[in-house]
Amino acid sequence: MNFDYDLFVIGGGSGGVRAARVAAQEGAKVALAEEDRYGGTCVIRGCVPKKLMVFASEYSGMVEDAQAYGWTVHAGGFDWDVFRGKLYAELDRLENVYRGILKNNGVETFDQRAKLADAHTVELADGTRKTAKHILLAMGGRPVMPGIPGDENGITSNDIFHLEKMPESILIVGGGYIASEFAGILNGLGVKVTQYYRGAQILRGFDDEARGLVSEEMCQKGIDLHLGTNVLEMRKEGDKVWVKATNGDERVFDHVMFATGRAPNTENMGLKEIGVEIGRKGEVVVDDYSQTAVPSVYAVGDVTDRVNLTPVAIREGMAFVETVFKGNPTKPDHELIPTAIFTQPEMGTVGLSEEDAREQEPIEVYATSFKPMQQSFAGRSERVLMKLVVSQKTRKVLGCHIVAPGAGEMIQLAGIAVKMGATKEDFDRTVAVHPTMSEEIVTMKTPTRTA
Ligand code: NDP
């Protein structure tokens, strides 16, 4: 049978664009449909604008620190309009880069929504139908509201980048990556931040000691964090939002931001109708090669709800092309993925938490917490954490957890050693780089505890 294309990709985010480009470079005839902006969540309303806001917010303490180092400098205010203008220009530039990548590689693009009509047919919003030998689903995900009475008066991380003015106060609901990162950002930009998290400690699933330190430092920096607390009900009051909390508190905020999780974009896509299996959370169910229950249809990235990170979506996209267009069946590797949470302080982590590792086997824990030189000299009391979780039997480093300025940069490099299966003795044999914070990762001689 003759198809219009070898590959039709739905979704122009990190995973979809990468797969489209690499398949086209292999000589495949490729098309891609995107209903919104090219670049997807990461580029347009996630990692990139978020990280730029982290940078912007970190300047707030720098004037004081510079003064402590002897500089005569004076703090001014943060101008949201100036920053937002530059941010929008940068996002426009990046979107053009993404469009350019597709165009230069001969990928035909359709700026409209697409859904499946059958196992080899895509229907565009204007009714046009296109056939393809393979279809790749890469529609990503979106923030979801928790279903609390009045939550339609809240906003999500998508809206933060479009605020007309910086609020004076905000309530952030949730304790995951997004809630905790935005608590730090907005606090740094001078907003009075309150955070409600329903559980006992934020960043559930990460190493207890590491998330404990992040939470403590966030509070030190002025975030009003309430654990074991959720919104009971809320309503609009003038241009503000009135909130009643589960602990009985009644307060008014300029905005309430929900960061209570994300859902895969699988609704009204014609998926179930053609036999694609959809999981409990709305995700596309795939096998180890990202293939769905319909053999011609594959899926990568957040729409599959495996590990929802941009670099993982990209790897899944590459593995899909290897498998389908290069005749080299390749499973994306989801083991030992290093990741950073851009809280303030930052957390970088790879491998098992102490809690998960000790469930698995006997371990040694090496951990040190100290005041870093640069901040300590400036009179700050903040602490950093360097931690290794080591197998007693194999001596392999099972987990590495860093809470420190620049922890994201550090964990990328430590991640290579951990991925290679480095032992504690390999770390010990490596000479320290002095004076740095990360040298502590190779100088911890005696276990803090065994378990
Ligand atoms: P998460 O799933 O990480 O966190 C959701 C948070 O909301 C949890 O604290 C959860 O609590 C809470 N929650 C869920 N439902 C409710 C409810 N009904 N009422 C109150 N609280 C609720 O989602 P995020 O939206 O923060 O992030 C989504 C994903 O995006 C992340 O998992 C990550 O993969 C990715 N991401 C990565 C970043 C990075 O690499 N730096 C940055 C941002 C996002 P509980 O713990 O009790 O379930």
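One-based numbering, in listed order, for ligands and for the atoms of each. Because the structure is predicted, anything quoted here is derived from the model rather than measured. Just so it is clear, the values below take in all heavy atoms, side chains as well, and ignore hydrogens, waters and symmetry mates.
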Looking only at distance, does [X] have an N or O less than 3.5 Å from an N or O of ligand 1?
X      : answer
Ile178 : yes
Gly199 : no
Tyr197 : yes
Gly175 : yes

For [atom], which of the options [options] provides the nearest non-hydrogen atom?
atom                    : options                        : answer
atom 47 (O) of ligand 1 : Gln201, Arg198, Glu346         : Arg198
atom 28 (C) of ligand 1 : Lys51, Arg262, Glu181, Arg306  : Arg262
atom 31 (C) of ligand 1 : Tyr196, Tyr177, Phe182, Phe342 : Tyr177

Is [X] touching ligand 1 with its side chain, its backbone, both, or neither, if touching means heavy atoms under 4.0 Å apart?
X      : result
Asn230 : side chain
Leu309 : side chain
Ala340 : backbone

Can Lys424 be said to sit on top of Tyr366's aromatic six-ring, NZ or CZ under 6.0 Å from centre and within 45° of the ring axis? yes

Any heavy-atom pair between the side chains of [Y] and [X] that's under 4.5 Å?
X      : Y      : value
Lys387 : Thr368 : no
Val231 : Leu171 : yes
Leu398 : Val390 : no

among protein heavy atoms, the one nearest atom 2 (O) of ligand 1 is Gly261 CA, 4.2 Å

Report the nearest protein non-hydrogen atom to atom 14 (C) of ligand 1: residue, atom name, distance rounded to 0.1 Å. Thr260 O, 3.3 Å

Below 4.0 angstrom from a heavy atom of Lys50, which ligand 1 atoms are there? Numbered from 1 as shown, please. 41 (N), 42 (C)

Give the atom numbers and elements of ligand 1 that come within less than 4.0 Å of a heavy atom of Ala259. 5 (C), 6 (C), 7 (O)

Specify whether His162 and Tyr88 have parallel, tilted or perpendicular ring planes, treating 30° as the upper limit for parallel and 60° as the lower limit for perpendicular. tilted

Take the angle between the ring planes of Phe161 and Phe182 and call it parallel below 30°, perpendicular above 60°, tilted in between. perpendicular

Mind checking ring-ring contact (aromatic ring centres under 6.0 Å, His included) for His401 and listing every partner two or more places apart, or none if nothing turns up? none

